[in-house]
2 protein chains.
Amino acid sequence: MRELGYVYNMGAARLRAERSHTVGVVVPNLTNPFFAELLGGMEASIDAAGLVMIIANSGDGPSRQAAVLQRMREHGVDGIILCPAADTPDDLARQVADWKLPMVQALRHVTDELDYAGANYAAGMEEAVEYLVSLGHQTICFAIHGPVHSAYQERIQGFREAMTRSGLRPDLVIAVPDRVDHVAQDAHMLFEQGRAPTAVICFNDLVAHGLAAGFYDRGLKIGHDISLIGFDDVTDAEAMRPRLTSVSTAPSGIGQNAAALLLDRIAQPTLPPRRCVSPARLHIRESCGPLRIS
Amino acid sequence: MRELGYVYNMGAARLRAERSHTVGVVVPNLTNPFFAELLGGMEASIDAAGLVMIIANSGDGPSRQAAVLQRMREHGVDGIILCPAADTPDDLARQVADWKLPMVQALRHVTDELDYAGANYAAGMEEAVEYLVSLGHQTICFAIHGPVHSAYQERIQGFREAMTRSGLRPDLVIAVPDRVDHVAQDAHMLFEQGRAPTAVICFNDLVAHGLAAGFYDRGLKIGHDISLIGFDDVTDAEAMRPRLTSVSTAPSGIGQNAAALLLDRIAQPTLPPRRCVSPARLHIRESCGPLRIS
DNA sequence: ATGGAAATTTAGATCGATCTAACGGGCGCG
DNA sequence: CGCGCCCGTTAGATCGATCTAAATTTCCAT
């Protein structure tokens with residue numbers, strides 16, 4: 001075989017066996033390091049199972065997402081890991097069921113009829129709020145960002161519930177610019193309309209990074225004049241100064257979970273839908289300090 | 001067709017037509033945001049051409065890389081974009097020619113017999129050195145990192161040549177830890193053995209980020225006590241304080257170039273090997289200042 | 001040595017898109 | 001009216017791995 005330079009023709013095998021040893025992965029955005037880590041985790045598990053990943057970008061839009069799913073179907077993928085784009089219609093599940101295509105939702109979910117791998121964003125958020133409360137903070141702001149989806153809503157909900165439970169105002173949810181490089185210069189938005197937060201929780205580490213720059217520009221010392229908490233713990237929080245306290249969602253682990261769910265479902269398509277929600281824990285570093293009475 | 005739920009069977013078409021509408025992409029590392037941007041650029045071009053990307057991780061090791069290439073070959077990809085792993089044997093080109101598989105090298109190159117898309121690292125490095133020299137710096141250090149490959153050597157060569165041309169010591173090339181989170185605590189290495197650099201150029205922005213943290217810990221003010229230049233301009237340099245001056249290599253554009261080269265070569269396999277080297281320009285921000293006489 | 005059961009080899013069918021060649025219908029011109 | 005040309009249609013072959021069934025061999029027991 002070696003002499004003749006034989007290579008196994010997976011395409012022919014697929015045609016006969018109806019198995020392509022291929023899975024599709026759809027993410028809203030390739031360049032966000034958060035998704036890059038997610039992909040890294042998936043790749044490891046999927047590769048170990050002897051399959052390859054076909055990857056595509058939905059651009060967080062339902063129409064592109066539909067086109068991409070169709071393309072993957074044509075390519076005969078054995079299953080799909082989908083991070084549903086914002087505004088994904090909820091008949092997605094029905095459609096996929098029609099297609100008899102194993103599928104798991106990652107990070108975000110639009111239906112309970114399909115598997116889901118994510119993190120417990122709400123619990124992580126609550127832990128962050130409780131930590132800030134324990135430091136004496138009362139005016140706590142949640143800086144949000146980006147398109148609306150389940151992971152977005154769970155964070156807001158976790159924030160509101162934890163704030164309410166602590167008897168604090170739950171409505172300080174402020175939208176900052178989507179473009180990360182504009183966040184710094186718009187950091188002043190947090191202090192408008194009579195708000196004077198002493199602590200800010202961010203939708204993700206990118207926002208935290210931008211706000212940290214904005215606070216620096218305003219002469220606010222992080223961990224002293226204002227406390228800052230990130231979310232995802234993915235950008236090198238360890239390399240920020242002061243080091244960024246962040247809610248760790250371990251995207252690489254979520255990727256592995258999603259891959260494991262998909263492999264199981266491919267093996268047993270009749271399994272009832274499962275949810276694999278990994279804990280999100282607050283990683284305390286140096287960006288938060290006790291409330292200063294001014 | 002819609003009523004019956006017909007889907008085009010790409011696998012069958014491939015078997016007959018010997019075209020899979022599939023390209024393989026091999027990178028050494030999925031989680032590095034630099035490669036994520038590269039993939040983003042490729043995805044756009046490849047998707048626009050109606051092909052899909054199969055993606056794999058070589059872990060920067062030749063043996064895994066060989067396995068991954070073999071797997072892609074079995075899957076019948078129409079071509080491959082490879083960022084060659086460190087220590088890739090140079091008979092790679094011969095092997096690929098035997099396989100009659102269109103292939104382009106991205107970011108790094110091991111042979112002139114295959115297409116290559118990259119950036120002019122040496123020129124970018126020279127621009128960085130000249131800029132520091134124009135600010136009066138004389139003791140300039142290059143902080144390197146990671147496995148050895150062509151992009152690594154071109155940067156070192158550019159540094160040495162530019163330093164020599166300016167009549168400065170070209171040998172201040174210092175290796176910092178590979179793990180980014182250890183760079184900060186090992187920043188002191190730069191000042192050992194009687195070296196007292198007043199400016200540091202970094203192998204990439206991750207190193208710059210780490211060193212910035214290390215300098216902060218030592219009480220050095222960046223842009224004042226010490227000047228710092230990054231490379232790649234990919235981590236949100238705009239969000240650092242002071243903003244990081246960095247040599248921009250535009251990985252997304254390199255990805256697009258690589259994709260374009262591959263599509264051309266698939267269309268015309270007999271084309272002579274081409275090289276597509278995009279310019280690398282210094283993006284000046286705030287992390288460098290004039291030499292202070294102490 | 002022969003029958004029957006088991007093991008192995010071999011021949012063909014299959015998956016679905018595509019390519020070729022043969023076939024048939026339509027039409028114009030002699 | 002008939003011959004030949006052109007066009008559209010259709011039947012079958014093809015790609016390569018795999019699955020089934022038939023054909024062949026092996027081997028043990030009677």
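A, B, ... follow the sequence lines: proteins, then strands. Residue 1 opens every chain.
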Ring centroid separation A/Tyr152 to A/Phe203 under 6.0 Å: yes
Main-chain N/O of A/Thr111 paired with A/Gln105 side-chain donor or acceptor, under 3.5 Å: yes
Report yes if some heavy atom in the side chain of B/Arg71 is under 4.5 Å from a heavy atom in the side chain of A/Val52; otherwise report no. yes
A/Val23 versus A/Val77: any side-chain heavy-atom pair under 4.5 Å? no
Hey, is B/Arg64 close enough to A/Asp47 for a salt bridge, meaning N to O under 4.0 Å? yes
Rounded (10°) bend between the five-pair end axes of the helix from C/dA1-D/dT30 to C/dG30-D/dC1: 60°
Between B/Asp60 and B/Arg108, is the salt bridge (charged side-chain N to carboxylate O under 4.0 Å, His left out) condition met? List the steps. CA-CA 12 Å; B/Asp60 233 332; B/Arg108 314 169 179 174; 3.1 Å; yes
In this structure, are over 12 heavy atoms from other groups packed under 6.0 Å from A/Arg281 atom CZ? no
Walk along nucleotides 9-19 of chain D from 5' to 3' and tag each nucleotide B, S or - by protein heavy-atom contact under 4.0 Å, base first, then sugar-phosphate. -----BBBBBS
